Amino acid sequence: MLSIEDIQTIWLTIKLASLVTLLLLIIGTPVAWWLVRSRVWWKGLVASVVALPLVLPPSVLGFYLLLAMGPQGPLGKLTQATGLGSLPFTFWGLVLASVLYSLPFMVQPLHTAFEAIGERPLEVAATLRASPLDTFFSVVVPMSWPGFLTAAMLTFAHTVGEFGVVLMIGGNVPGQTRVASVQIYDHVEALEYSQAHTLAAVMLLFSFLVLLALHVWRTQPNRGY
């Protein structure tokens, strides 16, 4: 059976993953669109930075984020000067770190979806004198919404499974930063294998159902991209 603490960590994990997914839909959409449409020579540099969390060990990313958010780091000085306080070992510090860590899981599916649209629909919209904003929301979004769904589901599932960055930035504060992955680690450290197994099984089932739903949906006729 799940304990009250286990249930609390599950709800905190869902809250974190939902917030990170929403923020990345707002941030990742213009980034992906710019990467598809821009022709500047330094676009490859931006694309590499966006994809960096895919190959970077989470402990390395977490370490540098911890330095940046610390009292002597540029981000830490900024948040303290603006009255926001210190971000490490807080929920909002965890949100910021998760946004950076999960960024490629939002941007890359959207990039693929935007590329698949091609130039023709955009040229037709331009001949009808649609503004770039109208074209994006009336043409691009409807044609690429499978990519939005894929990106949102992958981002949510990836955020749920975070551990390294979470532990470096969030620590292990009950009710604030102790998410499910950290709670499983605590159970194992305390030799509470039964509790660890129950919580891990719940997270395993959840991740499997998310991926299964995504696979089934994408294999439906006339869907996917």
Side-chain angles (χ1 to χ4, degrees), residues 1-24 50-76 79-80 84-106 151-214:
M1 291 290 291
L2 294 172
S3 66
I4 295 178
E5 283 189 348
D6 290 341
I7 295 173
Q8 185 182 50
T9 62
I10 290 174
W11 280 116
L12 185 61
T13 303
I14 293 174
K15 176 183 173 183
L16 173 67
S18 300
L19 188 56
V20 168
T21 301
L22 178 61
L23 290 174
L24 279 179
V50 170
L52 198 57
L54 291 174
V55 298
L56 202 61
S59 56
V60 174
L61 179 61
F63 173 71
Y64 283 115
L65 285 176
L66 190 60
L67 290 182
M69 294 180 187
Q72 302 304 318
L75 190 55
T79 57
Q80 292 183 26
L84 297 176
S86 180
L87 286 178
F89 312 115
T90 66
F91 178 74
W92 289 106
L94 193 57
V95 170
L96 178 59
S98 299
V99 164
L100 295 174
Y101 187 49
S102 296
L103 181 60
F105 290 85
M106 177 63 72
M153 294 180 74
L154 288 178
T155 300
F156 187 89
H158 182 257
T159 306
V160 166
E162 285 183 26
F163 179 72
V165 171
V166 166
L167 205 57
M168 294 287 286
I169 301 299
N172 192 356
V173 183
Q176 295 187 42
T177 63
R178 184 188 290 174
V179 294
S181 57
V182 176
Q183 180 74 348
I184 293 171
Y185 176 78
D186 283 352
H187 283 319
V188 173
E189 284 285 290
L191 303 180
E192 299 169 347
Y193 295 123
S194 177
Q195 292 92 325
H197 173 70
T198 302
L199 184 55
V202 171
M203 302 311 296
L204 175 64
L205 179 62
F206 172 78
S207 300
F208 173 75
L209 290 177
V210 169
L211 293 177
L212 179 63
L214 179 60

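None of these values were measured; they are calculated from a predicted model.
Under 3.5 Å, the side chains of Q195 and D6 contain no donor-acceptor pair of N or O atoms. Side chains of E162 and S98: a donor on one and an acceptor on the other come within 3.5 Å. The closest side-chain donor-acceptor pair between T155 and T21, if any, does not fall under 3.5 angstrom.
The 12-atom threshold is not exceeded at CD1 of I4, counting heavy atoms of other residues, nucleotides or ligands nearer than 6.0 Å.
Scanning all heavy atoms of the two residues, the minimum distance from A97 to V165 falls at CB-CG1, 3.7 Å. Scanning all heavy atoms of the two residues, the minimum distance from Y101 to P53 falls at O-CB, 3.5 Å. When all heavy atoms of L12 and G175 are compared, the pair lying nearest together is CD2-C, 4.2 Å. A17 and T159 get closest at one heavy-atom pair: CA-CG2, 3.7 Å. The two residues F89 and T177 come nearest to each other via the heavy atoms C-CG2, 4.0 Å. Here the closest heavy-atom approach between residue M168 and residue S59 is recorded as CE-O, 3.7 Å.
Between the CG atom in L167 and the CZ atom in R178 there is a gap of 11.0 Å [rounded to 0.5 Å]. Here L75 contributes atom CG and Q80 contributes atom CD; the two are 10.0 Å apart, rounded to the nearest 0.5 Å. Atoms CG and CZ, from L24 and F156 in turn, are 13.0 Å apart once rounded to the nearest 0.5 Å. To the nearest 0.5 Å, atoms CG (L94) and CD (Q176) are separated by 10.5 Å. Note that the CG atom of L103 and the NE2 atom of H158 stand 11.0 Å from one another [nearest 0.5 Å]. In this structure, CD on E192 lies 11.5 Å from CG on L199, to the nearest 0.5 angstrom.
Contact of the V202 side chain with the L2 side chain is registered, since non-hydrogen atoms from C-beta on lie closer than 4.5 Å. For the pair T79 and M69, the minimum side-chain heavy-atom distance is 4.5 Å or more. Side chains of L66 and Y64 form no contact here, defined as non-hydrogen atoms less than 4.5 Å apart. No side-chain heavy atom of I14 sits less than 4.5 Å from a side-chain heavy atom of F206. Using a 4.5 Å heavy-atom cutoff, the side chains of L96 and W92 are not in contact. At a threshold of 4.5 Å between non-hydrogen side-chain atoms, the residues V182 and T9 do not count as touching.
Proximity of a side-chain donor or acceptor of S18 to a complementary backbone N or O of K15 within less than 3.5 Å is not detected. Between the side chain of S102 and the backbone N or O of F105 there is no donor-acceptor pair closer than 3.5 Å. In this structure, the side chain of T90 engages the main chain of L87 through a donor-acceptor pair within 3.5 Å.
Under the side chain to side chain contact (heavy atoms under 4.5 Å, CB included) rule, V179 has a single partner from N172, V166, V160, which is V166.
Classification of the Y185-F163 ring pair by plane angle, with boundaries at 30° and 60°, yields tilted.
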Before giving the answer on side-chain contact (heavy atoms from CB on, under 4.5 Å), spell out for F91 and L19 the whole-Å C-alpha distance, their side-chain angles and the decisive distance to 0.1 Å. CA-CA 11 Å; F91 178 74; L19 188 56; 4.0 Å; yes
